[in-house]
Amino acid sequence: MNTRLISFVLALTVMLSCNRCKEECDDPTNPECPNYVAPVDPCTNSQEVSANFTISQRAANGGQDVNTFIETDYYVVPSGLVRFYALQENADYKWIIGADTIYSREYDLVFGEAFAGQVIPIKLIISAAPDSFCFPLDNGIDTLIRNIEVRDPADCEISYLGNYYGSWSEAPNDSFFLKLYLLPDSTFPVNDCGELWGKGLNGDYNDSCHLVIGGVTDNYIRIDYDWCPWFTMNEPTGTFLLDVSSNTIHGEYSLILDDDPYIEVDKIFDGRKIE
């Protein structure tokens, strides 16, 4: 028999034999088998003991915001309930806030008007059972200090005020400007330095409207109704939440397109603060 033919037959036999082995392979621990299951890292969802915590504030003015807490990175307003919440589960908690020491996972506190303009350190000490297998150097104790500033709305420097550039969710490529601002020399129950106005909330920057706040924190407002009969603004009502860390805003509000017949549309606006 021809040597080349013999070599070809042997190679074909080996190849068919290997293919048959692979087809018949059913060992889930063998990477060559089709039913191989990769081992799961036992530390994938494990974390070190952490004293990280959130700071949130209940939206002022009560009403439908009475149980609405808005997370904030740094600023809180006076006389509004502030909530501190530890993210670590099953631990011993020790908060140190001024002269107060608290031993619970969650703690609510109100900073009065006397604290306006002050920077206050919030300290949390956590003690919990560590995952010694995944984190052999973790001793189960962690401490975190975060500062907050009590910012009075009457100082006219509330974070959500400013100019934004973004778009509605249904038209992400049609960007436009809108503005949340105060007009001075007028009286408003939420802010002593002026009335809140919105500009361009209907997509037309030439239109402005006096907005009446229903709920407020430093980075959140709920607009309950508005006064804009002499403009073409479509009476916006809804909420706006500013992420102070990224200077991005998310608004969910409605616009009235017509009174007879009544037509109302819901809008979602996402944008970036530009000044």
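These numbers come from a predicted model, not from an experiment.
I223 and P236 make their closest contact through CG2-O, 3.6 Å (heavy atoms, listed as atom of the first residue, atom of the second, distance). Of all heavy-atom pairs spanning R146 and T72, the tightest one is NH2-O, 3.8 Å. Residues S50 and Q88 share a closest heavy-atom pair of N-OE1, 3.1 Å. Scanning both residues, C25 and P34, for their nearest heavy atoms gives O-CD, 3.7 Å. Summarising the geometry of G162 relative to K273, their closest heavy-atom pair is CA-CE, 4.1 Å, with the distance given to 0.1 Å.
Here the side chain of R58 pairs no donor or acceptor atom with the backbone of R83 at under 3.5 angstrom. For R151 (side chain) and V77 (main-chain N/O), no donor-acceptor pair under 3.5 Å exists by modelled atom type. Between the side chain of E48 and the main chain of D138, no donor-acceptor pair closer than 3.5 Å is present. Looking at D218, its side chain never comes within 3.5 Å of a backbone N or O of Y75 through a donor-acceptor pair. Judged by distance alone, the side chain of D142 and the main-chain N or O of S127 form no donor-acceptor pair under 3.5 Å.
Residues I55 and E71 form no side-chain contact, since every pair of their non-hydrogen atoms from C-beta on lies 4.5 Å or further apart. Within the 4.5 Å cutoff, side-chain heavy atoms of I97 are placed close to those of F84. By the 4.5 Å heavy-atom criterion applied to side chains, I126 and I141 are not counted as neighbours. A heavy-atom distance below 4.5 Å is not found between the side chains of Y74 and V244. Within the 4.5 Å cutoff, side-chain heavy atoms of I148 are placed close to those of F111. Two residues are said to be in side-chain contact when any heavy atoms from C-beta on lie closer than 4.5 Å; H250 and D270 meet this criterion.
The cluster map of Ile, Leu, Val, Met, Phe, Trp and Tyr, joined by side-chain heavy atoms under 4.5 Å apart, puts F69 and V110 in the same cluster. In the hydrophobic clustering of this structure, I125 does not group with V49; members are Ile, Leu, Val, Met, Phe, Trp, Tyr whose side-chain heavy atoms approach within less than 4.5 Å, directly or through other members. I120 and L124 fall within a single hydrophobic cluster, where Ile, Leu, Val, Met, Phe, Trp and Tyr side chains are chained together by heavy-atom contacts under 4.5 Å. A single hydrophobic cluster is seen to contain both V265 and F176, as judged by linkage of ILVMFWY side chains at heavy-atom distances under 4.5 Å, directly or through other members. Cluster annotation: Y85 and L109 are assigned to distinct hydrophobic clusters (Ile/Leu/Val/Met/Phe/Trp/Tyr, side-chain heavy-atom contacts under 4.5 Å, transitive).
For Q47, the CD atom is loosely surrounded, since the number of other residues' heavy atoms within 6.0 Å does not exceed 12. The 12-atom threshold is not exceeded at CG of N45, counting heavy atoms of other residues, nucleotides or ligands nearer than 6.0 Å. Heavy atoms from other residues, nucleotides or ligands lying under 6.0 Å from CD of E113 number more than 12.
For the residue pair D243 / T248, no side-chain donor-acceptor distance below 3.5 Å is found, with atom types taken as modelled.
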(request) Decide yes or no on side-chain hydrogen bond (donor to acceptor under 3.5 Å, both in side chains) for N202 and D207, but give the supporting numbers first. (result) CA-CA 8 Å; N202 63 347; D207 288 348; 2.9 Å; yes
(message) What verdict does the side-chain hydrogen bond (donor to acceptor under 3.5 Å, both in side chains) test give for T54 and S56, after you've listed the backbone C-alpha separation in whole Å, the side-chain angles of each residue and the deciding distance to 0.1 Å?
(response) CA-CA 7 Å; T54 61; S56 56; 5.3 Å; no
(request) Dump the intermediate steps for side-chain hydrogen bond (donor to acceptor under 3.5 Å, both in side chains) on S159 and N219, then the final yes or no. (result) CA-CA 5 Å; S159 292; N219 59 322; over 6 Å; no
(message) T237 vs S254, test: side-chain hydrogen bond (donor to acceptor under 3.5 Å, both in side chains). Steps then yes/no.
(response) CA-CA 6 Å; T237 58; S254 63; 3.1 Å; yes
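Ion pairing between a basic and an acidic side chain is recognised when a charged N comes within 4.0 Å of a carboxylate O; E252 and K267 show no such pairing. Between D92 and K94 there is no salt bridge, since no side-chain nitrogen of the basic residue lies less than 4.0 Å from a carboxylate oxygen of the acidic one.
Residues W95 and F53 bring their aromatic ring centres within 6.0 Å. In this structure, the ring of Y93 has its center no less than 6.0 angstrom from the ring center of Y107. Remark: aromatic rings of F177 and Y165 are close, center separation under 6.0 Å.
The side-chain tip of K179 does not point at the ring of Y205 from less than 6.0 angstrom away and within 45° of straight on.
Screening D224, I221, L196 against L211 for a side chain to side chain contact (heavy atoms under 4.5 Å, CB included) leaves a single residue, L196.
Note that NZ of K123 is 5.0 Å distant from CD1 of I145, once rounded to the nearest 0.5 Å. Taking CG of L144 as the start and CG of N52 as the end, the distance is 6.0 Å to the nearest 0.5 Å.
Legend: disulfide (SG to SG under 2.5 Å) pairs involving residues 77-118, not counting sequence neighbours: none detected.
Clustering of Ile, Leu, Val, Met, Phe, Trp and Tyr by side-chain heavy atoms under 4.5 Å joins L137 with none of the others.
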